[in-house]
Amino acid sequence: MLLENIKSTGDIKKLSLDQLDKLADELREFIIEKTSEHGGHLASNLGVVELTIALHYVLDLPEDKIVWDVGHQSYAHKILTGRMNDFDTLRQYKGLSGFPKTRESKCDAFNTGHSSTSISAGIGLVEAARLLGRKSTVVSVIGDGALSGGMAYEALNNASKLDRNFIIILNDNNMSISESTGGLSKYLTDIRTAPKYNDLKSEVTKSLKKLPVVGDSIKESISRTKMGIKQLVVPGMFFENLDITYVGPYDGHNIQKLIKVLSEVKKFNKPIVVHIHTKKGCGYEPAEKYPTRFHGIEPFDIKTGIPIKKKEFISWTDAFSHTILNLAEADKRIVAITAAMPEGTGLKKFATTYPDRFFDVGIAEEHAVTFAAGMAQGGLKPVVAIYSSFFQRAYDQIVHDVCLQNLPVVFAVDRAGIVGRDGETHQGIFDLTFFGTLPNMTVMAPKNKYELRNMLKYAFRLNSPVAIRYPRGTAYSGLKEYDSPIEYGKSEIICEGRDIAIIAVGNMIETALEVREQLRENGFEATLVNARFVKPFDTQMLDRLSLNHHIFVTIEENILAGGFGERVTEYVSQKHLGVNMMNFAIEDTFVEHGDVNSLRRMLGLDAPSITQRILSECARLDEDMDNPF
Ligand SMILES: Cc1ncc(C[n+]2csc(CCOP(=O)(O)OP(=O)(O)O)c2C)c(N)n1
């Protein structure tokens with residue numbers, strides 16, 4: 001096995017060119033095997049096996065730098081840089097990350113996870129090398145999906161100024177997670193299907209030669225025609241017009257060709273786009289056939305491609321998907337927007353049922369939000385369904401375009417809280433803070449799937465911005481009998497006790513129920529409250545509970561800073577309610593990858609840890625009572 005001899009970067013160069021195709025086969029087999037066991041981003045990784053080999057063959061890592069856009073396609077790169085033996089820990093707690101991590105290897109030049117950052121980061125690395133007098137080739141690898149993100153254009157606009165080598169590899173597989181959408185995708189397809197410019201150019205020249213030359217104006221118009229034709233048919237004119245040289249398209253699965261091209265473009269003294277065509281899922285039939293399903297996949301059976309665990313639950317996303325469809329049927333003004341994630345956000349059915357009211361804008365969260373603002377201003381009722389961590393991108397648009405104009409946009413904040421194996425770039429742990437600080441914004445979190453439905457209905461009746469956050473995974477279906485109508489800014493009492501009041505945000509109600517039970521076993525009868533509203537939160541409830549409770553416990557899966565608990569604490573302090581506050585939230589840290597339960601334990605957000613801390617606090621308060629001086 002060739003792969004076994006590749007223990008660190010550079011080992012690949014000991015292989016002959018003829019051996020590289022076999023290496024590609026081995027890499028593919030290994031990636032399929034490990035992803036089938038641990039889950040991960042299979043289709044994107046299979047698409048870049050040859051590209052990765054070629055890059056490693058031509059570049060000298062870690063001096064040279066590869067920035068992988070999104071980074072979900074970096075498995076082959078990890079294997080070739082000495083991390084093959086770590087693949088049994090892939091995406092597990094304390095194990096190998098599914099994304100590039102500078103802390104994991106010197107060969108990971110830049111951390112990624114969110115899309116469309118690679119060109120900006122690449123230019124930064126080029127400038128750093130220039131100013132620090134280092135010689136290093138910088139390569140940014142960006143997919144056609146990631147190229148739909150606005151940041152990529154801001155960076156291209158800047159790249160045109162560079163007078164040094166900078167290689168941008170456009171890995172074009174005509175797919176984002178689903179099919180790529182929009183004008184750029186069409187442009188790339190046109191390049192793919194256009195007759196070769198050179199053939200056409202010679203045809204054009206031949207025809208021009210036949211024309212009688214009559215005066216300057218004809219010459220001029222001929223030259224204009226030539227330019228016009230060139231604009232139409234030269235692949236990559238878009239980049240060329242930005243002063244960035246374009247070459248390609250090349251077959252991205254032809255290692256020899258890629259090595260040749262990369263060796264050449266390395267010598268070039270300007271930014272250059274190398275356009276390659278690849279097949280998502282290449283080399284594994286089920287993934288080639290169903291690239292969307294195999295974009296990110298749970299463990300599966302290699303023979304059939306079928307997931308090992310059948311999905312037998314209703315997820316929060318399913319609950320959203322079902323409700324939004326019903327609401328849209330009743331109200332023609334409801335429109336839905338996704339940023340390249342119709343499947344992930346549960347809008348696929350909406351898209352097929354109401355194609356003219358559905359908008360996939362590509363990986364363009366900023367645009368998605370302002371576009372929604374425009375539609376709201378125009379009289380529609382948009383819902384923007386985006387994962388919590390990707391909403392971070394659109395903060396100014398939420399502030400400036402939606403909240404400032406108090407427009408009725410509903411933000412469906414999916415994957416809020418700990419998402420697990422995708423790790424720190426994908427954890428949805430800031431949204432309560434960033435949505436919750438904005439004037440005109442209402443923030444809600446449902447305790448169960450029924451409440452999600454009720455909140456969505458309620459949100460479309462409000463004539464102002466609303467964010468509803470719900471997590472990844474199985475939708476909680478307990479506490480069904482607690483279904484009092486949603487009232488603005490009002491919480492819901494689940495059970496009345498005394499001394500200790502636990503106020504849970506959204507899905508943390510499940511943990512809170514456990515905590516209550518464990519406290520009861522220790523002789524405490526706590527009150528349990530479902531917060532429902534994070535902004536505005538229920539101050540009347542706090543005032544009332546302060547009369548017969550001396551500890552308020554808040555539980556939320558969000559960063560502590562600026563979250564629900566901190567705001568309640570501030571209120572309690574300012575109103576001198578005389579209650580001891582305990583805020584359970586995520587401390588000032590990014591949360592790595594791993595299974596959700598391990599991560600919650602690590603963060604002290606699991607029921608036993610919470611109970612333990614409450615009991616200790618009770619003991620401490622008792623002691624203080626006994627020894628007041
Ligand atoms: C800002 C942001 N929005 C959404 C995503 C989710 N996402 C991950 S990969 C991906 C598609 C990327 O497509 P492309 O760049 O073409 O790479 P491919 O997977 O096709 O190789 C999307 C939408 C993300 N990572 N970042």
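What you are looking at is a predicted structure, and each value in this text was computed from that prediction instead of being measured. One-based numbering, in listed order, for ligands and for the atoms of each.
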**OP:** Identify whether NZ of Lys or CZ of Arg in R393 sits under 6.0 Å from the centre of the six-membered ring of F390 and within 45° of that ring's axis.
**Re:** no
Subject >> Nearest-neighbour protein heavy atom for atom 15 (O) of ligand 1, which is reported as residue plus atom name and distance >> reply: A146 N, 2.8 Å
**OP:** Give the atoms of ligand 1, by number and element, whose distance to some non-hydrogen atom of G143 is under 4.0 Å.
**Re:** 14 (P), 15 (O), 16 (O)
Original post:
After noting the C-alpha distance and the side-chain angles of K270 and V265, does the key distance pass the side chain to side chain contact (heavy atoms under 4.5 Å, CB included) rule?
Top reply: CA-CA 9 Å; K270 288 280 294 171; V265 298; over 6 Å; no
Original post:
So with a 6.0 Å cut-off around CD of E29, is the heavy-atom count from everything else above 12?
Top reply: no
Original post:
Which is it for Q73 and ligand 1 at heavy atoms under 4.0 Å: side chain, backbone, both or neither?
Top reply: neither
Original post:
Where the side chain of T52 meets the backbone of A76, is there a donor-acceptor pair that is under 3.5 Å apart?
Top reply: no
**OP:** Could you label the plane-to-plane angle of the F320 and Y470 rings as parallel, tilted or perpendicular, counting under 30° as parallel and over 60° as perpendicular?
**Re:** parallel
Subject >> 4.0 Å heavy-atom contact, S176 with ligand 1 >> reply: yes
Original post:
Does R469 pair with E557 as a salt bridge, N-O distance under 4.0 Å?
Top reply: no
Original post:
How far is atom 7 (N) of ligand 1 from its nearest protein heavy atom, and which residue and atom name does that atom have?
Top reply: I177 CD1, 3.8 Å
Original post:
atom 18 (P) of ligand 1: which of H114, K280, M341 has the nearest heavy atom?
Top reply: K280
Subject >> Identity and distance of the protein heavy atom lying nearest atom 23 (C) of ligand 1 >> reply: I363 CD1, 3.5 Å
Original post:
Should E343 and K348 count as an ion pair when the cut-off is N to O under 4.0 Å?
Top reply: yes
Subject >> atom 14 (P) of ligand 1: the protein heavy-atom neighbour that sits closest, reported with distance to 0.1 Å >> reply: G145 N, 3.5 Å
Original post:
Can you tell me which residue and heavy atom of the protein come closest to atom 25 (N) of ligand 1, and the distance to 0.1 Å?
Top reply: G113 O, 3.0 Å
**OP:** Please say whether M175 places an N or O atom under 3.5 Å from an N or O atom belonging to ligand 1.
**Re:** yes
**OP:** Under 4.0 Å, heavy atoms only, figure out whether ligand 1 is touched by the backbone of H41, its side chain, both or neither.
**Re:** neither
Original post:
Any idea which heavy atoms bring I244 and L156 closest together, and the distance?
Top reply: CD1-O, 3.4 Å
Subject >> Residue and atom name of the nearest protein heavy atom (relative to atom 26 (N) of ligand 1), distance in Å to one decimal >> reply: S115 N, 2.9 Å
**OP:** Could you label the plane-to-plane angle of the F358 and F350 rings as parallel, tilted or perpendicular, counting under 30° as parallel and over 60° as perpendicular?
**Re:** tilted
Original post:
Taking atom 19 (O) of ligand 1 as the point of reference, which of H426, Q392, H72, E366 owns the nearest heavy atom?
Top reply: H72
Original post:
Is it true that K309 and E298 have a side-chain N and a carboxylate O under 4.0 angstrom from each other?
Top reply: no
Original post:
Quick one: nearest non-hydrogen protein atom to atom 21 (O) of ligand 1, plus distance?
Top reply: N173 ND2, 3.3 Å
Original post:
If you round to the nearest 0.5 Å, how far is CD1 of I559 from CD1 of I429?
Top reply: 4.5 Å
Original post:
If you count the atoms of ligand 1 from 1 in the order shown, which ones are under 4.0 Å from a heavy atom of S44?
Top reply: 18 (P), 19 (O), 21 (O)
**OP:** Enumerate the atoms of ligand 1 whose separation from the nearest heavy atom of R393 is less than 4.0 angstrom.
**Re:** 1 (C)
**OP:** Please identify which atoms of ligand 1 are closer than 4.0 Å to at least one heavy atom of H295.
**Re:** 9 (S), 19 (O)
Original post:
To the nearest 0.1 Å, how far is atom 3 (N) of ligand 1 from its closest protein heavy atom, and which atom is that?
Top reply: E365 OE2, 2.6 Å
**OP:** Let me see the working for V369 and V409 under side chain to side chain contact (heavy atoms under 4.5 Å, CB included), right down to the final yes or no.
**Re:** CA-CA 9 Å; V369 170; V409 175; 6.0 Å; no
**OP:** Mark up the atoms of ligand 1 that fall under 4.0 Å of a heavy atom belonging to D144, in ascending order.
**Re:** 16 (O)
